[in-house]
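Heads up: the structure comes next, in structure tokens.
Order of the sequence lines fixes the chain letters, A, B, ..., with proteins taken first and strands second; residue numbering starts at 1 for each chain. For clarity, every value in this text was computed on a predicted model and none was experimentally measured.
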2 protein chains.
Amino acid sequence: MAEQKLQTKNRSPGRPPRTDSFGKASDLRDSILDHAELAFAEAGFEGANLREIASLAGVNQALIRYYFGSKADLFDECFRRRGGVLAGHRHVNLDRLLEISENPSVEDLVFAYLKPQWDMKYSSPNGAAFVAMQARLHAEPEEHALRLRREVYDASVKRYISALSQVLPQVPKDIISVRMAFLVGAYLFMLNDLGRISDLTEGHLTSFGKDEMLDQLVRFLAAGLRAPV
Amino acid sequence: MAEQKLQTKNRSPGRPPRTDSFGKASDLRDSILDHAELAFAEAGFEGANLREIASLAGVNQALIRYYFGSKADLFDECFRRRGGVLAGHRHVNLDRLLEISENPSVEDLVFAYLKPQWDMKYSSPNGAAFVAMQARLHAEPEEHALRLRREVYDASVKRYISALSQVLPQVPKDIISVRMAFLVGAYLFMLNDLGRISDLTEGHLTSFGKDEMLDQLVRFLAAGLRAPV
DNA sequence: CTTGTTATTATTCAAATGAATAATTAATGT
DNA sequence: ACATTAATTATTCATTTGAATAATAACAAG
């Protein structure tokens with residue numbers, strides 16, 4: 001991918017002068033995370049390359065090690081950073097919904113769950129990268145991937161399952177759980193694959209904006225959740 | 001992963017004697033494909049390792065090159081081998097359905113589409129590996145992955161979209177297309193992730209056998225496809 | 001039989017890559 | 001001022017890895 005020399009700044013070693021008066025907590029650390037996110041999204045864990053990440057982030061490769069340790073640790077940190085924010089948004093959204101009404105609609109619940117990641121995807125290239133990273137993580141069979149996902153998301157998913165269970169008393173809770181898994185699959189795939197759907201639809205899709213697409217998805221999933229048992 | 005010496009058979013070079021009287025078309029070639037399938041499923045394209053594949057398949061690494069060329073070519077061949085079979089089954093299933101009745105139920109159509117891969121997953125470890133490989137391929141952002149998927153699956157997907165469109169005249173075709181994409185996402189995720197769902201369900205899931213799970217999925221997706229517009 | 005072709009191995013090559021170390025400079029506390 | 005710590009770089013190391021080549025044995029054809 002990176003044929004060019006990709007030399008990092010040829011600055012002498014040692015701590016660089018603090019130009020800014022504020023203590024703007026480690027700029028470079030964030031830069032590394034940002035570029036790692038992009039790299040992992042594009043090439044996957046194995047495919048991503050520390051030299052390139054370092055180079056694009058404008059730092060020496062050893063700095064990655066200094067801040068994060070191993071490549072795997074870097075990956076985890078990437079994931080947790082945004083994953084935590086995401087899970088937080090989901091909690092907040094659910095709280096709000098339940099404040100307004102005891103029995104929100106299924107559509108509202110689904111929307112509350114999906115919206116944060118949908119927004120993240122369109123907020124910035126890095127947001128989109130994170131979505132891709134996550135889709136990849138879900139396809140990983142590795143033990144490690146599983147643990148990460150659980151750590152970051154399980155709590156919020158369980159809350160949504162409970163809430164759905166309350167507004168759908170006809171559907172047993174274990175079935176709701178399974179359907180929630182279907183939901184996650186559909187929306188992750190969707191988010192990651194969005195650009196390509198137009199192939200299947202022979203161009204019809206151009207009429208759907210991203211908001212409409214989310215609407216479509218919510219409608220589809222809500223109907224599935226409500227399906228008679 | 002493979003710490004051991006993993007030496008290939010220490011046989012002298014040159015063509016080995018043909019012990020069997022039948023010309024059982026290249027045993028080793030198939031063995032390579034089988035083990036490559038397992039490796040790609042477990043570790044992804046980048047993560048898989050030709051030396052290990054060769055070793056497990058009981059052949060010299062150079063034989064992979066002899067038969068398939070590059071690693072990427074090997075991957076493609078793996079994918080096409082089973083993907084072709086799968087697409088074939090889908091076509092056959094659809095043909096049968098349409099023979100029986102002009103207007104099959106949405107459930108029947110969904111089932112006809114899903115069943116072949118479901119069976120493949122449970123037919124053998126290699127079948128399961130292929131499913132995992134495919135799930136990974138869908139998470140790949142690479143151009144190459146996209147082309148492969150299209151090559152292998154597009155035709156059958158389009159046929160199913162048409163059939164669904166006929167039995168669901170209330171739903172515009174472009175919406176059916178989008179929903180079909182949701183469907184693919186949900187089922188791929190499901191198939192690949194099956195074992196882990198029980199985490200979310202806190203053990204409730206043990207009561208679902210694999211057939212019941214497929215039933216659940218079909219019900220969910222059919223309801224989604226039917227959702228009012 | 002001899003010659004060419006096919007299938008297979010052993011071995012080598014060159015590049016990439018994650019990790020590690022040592023050097024260097026700024027900041028900070030005393 | 002001085003010593004310690006924090007942040008950063010240049011450089012080296014060891015391993016892995018995909019690819020390539022050369023050797024060799026069985027088989028097939030004439």
Side-chain angles (χ1 to χ4, degrees), chain A residues 1-33 36 39-40 43-76, chain B residues 1-33 36 39-40 43-76:
Chain A
M1 293 272 152
E3 312 302 38
Q4 299 304 68
K5 189 67 170 302
L6 272 185
Q7 181 83 20
T8 75
K9 281 191 273 253
N10 210 344
R11 170 170 67 195
S12 41
R15 187 181 214 170
R18 172 72 58 92
T19 50
D20 204 331
S21 45
F22 306 98
K24 49 170 178 176
S26 202
D27 215 355
L28 295 184
R29 188 174 187 279
D30 283 339
S31 177
I32 292 171
L33 279 175
F40 284 133
F45 179 76
E46 301 272 359
N49 162 256
L50 292 185
R51 273 176 175 75
E52 196 173 325
I53 292 173
S55 169
L56 291 171
V59 304
N60 186 281
Q61 193 191 153
L63 197 61
I64 296 182
R65 195 174 135 71
Y66 177 69
Y67 277 126
F68 303 98
S70 72
K71 186 183 184 183
D73 293 333
L74 173 62
F75 184 89
D76 289 4
Chain B
M1 297 274 151
E3 312 301 41
Q4 299 306 67
K5 191 65 170 302
L6 270 184
Q7 182 83 21
T8 76
K9 281 192 275 254
N10 211 344
R11 173 170 63 197
S12 39
R15 185 181 214 169
R18 172 77 53 94
T19 51
D20 202 330
S21 46
F22 306 97
K24 49 170 178 177
S26 201
D27 216 353
L28 295 184
R29 188 175 187 278
D30 283 338
S31 177
I32 292 172
L33 279 176
F40 285 133
F45 179 76
E46 301 272 357
N49 163 256
L50 292 185
R51 272 177 177 74
E52 195 173 325
I53 293 173
S55 169
L56 291 171
V59 304
N60 186 281
Q61 194 192 151
L63 197 61
I64 296 183
R65 197 174 134 72
Y66 176 71
Y67 277 127
F68 303 98
S70 73
K71 187 183 184 183
D73 292 334
L74 173 63
F75 184 89
D76 289 4

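- Between A:Ile64 atom CD1 and D:dT9 atom C1' the separation is 13 Å, expressed in whole Å.
- Counting to the nearest Å, the C1' atom of D:dA22 and the CG atom of B:Leu63 are 16 Å from each other.
- Distances shorter than 4.0 Å separate some side-chain N or O of B:Tyr67 from OP1 or OP2 on C:dT8.
- Applying the side-chain hydrogen bond (donor to acceptor under 3.5 Å, both in side chains) rule to B:Asp76 yields the partners B:His144; only residues at least two apart in sequence or on another chain are considered.
- Looking at heavy-atom distances under 4.0 Å, B:Tyr66 makes contact with a base.
- For B:Ala57, the side-chain contact (heavy atoms from CB on, under 4.5 Å) partners at least two apart in sequence or on another chain are B:Ser31, B:Ile32, B:His35, B:Val59.
- Atom CG of residue B:Asn60 and atom CG of residue B:Leu28 lie 11.0 Å apart, to the nearest 0.5 angstrom.
- The distance from the NZ atom of B:Lys71 to the CD1 atom of B:Ile53 is 7.5 Å, given to the nearest 0.5 Å.
- A distance of 14.0 Å separates CG of A:Leu56 from CZ of A:Arg51, quoted to the nearest 0.5 Å.
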For this session: Take B:Leu33 and B:Phe68 through the side chain to side chain contact (heavy atoms under 4.5 Å, CB included) test and state the conclusion after the steps.
Result: CA-CA 10 Å; B:Leu33 279 176; B:Phe68 303 98; 3.7 Å; yes

Atom pairs under 3.5 Å: protein N/O with N/O of nucleotides 18-22 of chain C:
{"from": "C:dG18", "atom 1": "OP1", "to": "A:Ala48", "atom 2": "O", "distance (Å)": "3.1"}
{"from": "C:dG18", "atom 1": "OP1", "to": "A:Lys71", "atom 2": "NZ", "distance (Å)": "2.9"}
{"from": "C:dG18", "atom 1": "OP2", "to": "A:Asn49", "atom 2": "ND2", "distance (Å)": "3.4"}
{"from": "C:dG18", "atom 1": "OP2", "to": "A:Leu50", "atom 2": "N", "distance (Å)": "2.9"}
{"from": "C:dG18", "atom 1": "N7", "to": "A:Arg51", "atom 2": "NH1", "distance (Å)": "2.8"}
{"from": "C:dG18", "atom 1": "O6", "to": "A:Arg51", "atom 2": "NH2", "distance (Å)": "2.8"}
{"from": "C:dA19", "atom 1": "OP2", "to": "A:Lys71", "atom 2": "N", "distance (Å)": "3.2"}
{"from": "C:dA20", "atom 1": "OP2", "to": "A:Arg65", "atom 2": "NH1", "distance (Å)": "2.3"}
{"from": "C:dA20", "atom 1": "OP2", "to": "A:Arg65", "atom 2": "NH2", "distance (Å)": "3.2"}

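- Annotation: the span from A:Arg29 atom CZ to A:Leu63 atom CG amounts to 10.5 Å, rounded to 0.5 Å.
- A straight line from CD1 of A:Ile32 to C1' of D:dT8 spans 10 Å, rounded to a whole angstrom.
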What pairs of nitrogen or oxygen atoms, one from the protein and one from nucleotides 24-26 of chain C, lie under 3.5 Å apart?
{"from": "C:dT24", "atom 1": "O2", "to": "A:Gly14", "atom 2": "N", "distance (Å)": "3.0"}
{"from": "C:dT25", "atom 1": "O4'", "to": "A:Pro13", "atom 2": "O", "distance (Å)": "3.4"}
{"from": "C:dT25", "atom 1": "O2", "to": "A:Arg15", "atom 2": "N", "distance (Å)": "2.8"}
{"from": "C:dA26", "atom 1": "O4'", "to": "A:Arg15", "atom 2": "O", "distance (Å)": "3.1"}
{"from": "C:dA26", "atom 1": "N3", "to": "A:Arg15", "atom 2": "NH1", "distance (Å)": "3.4"}

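- Within the structure, ring pair (Phe, Tyr, Trp, His ring centres under 6.0 Å) contacts touching residues 43-66 of chain A (residues at least two apart or in different chains) are A:Phe40-A:Phe45, A:Phe45-A:Phe75.
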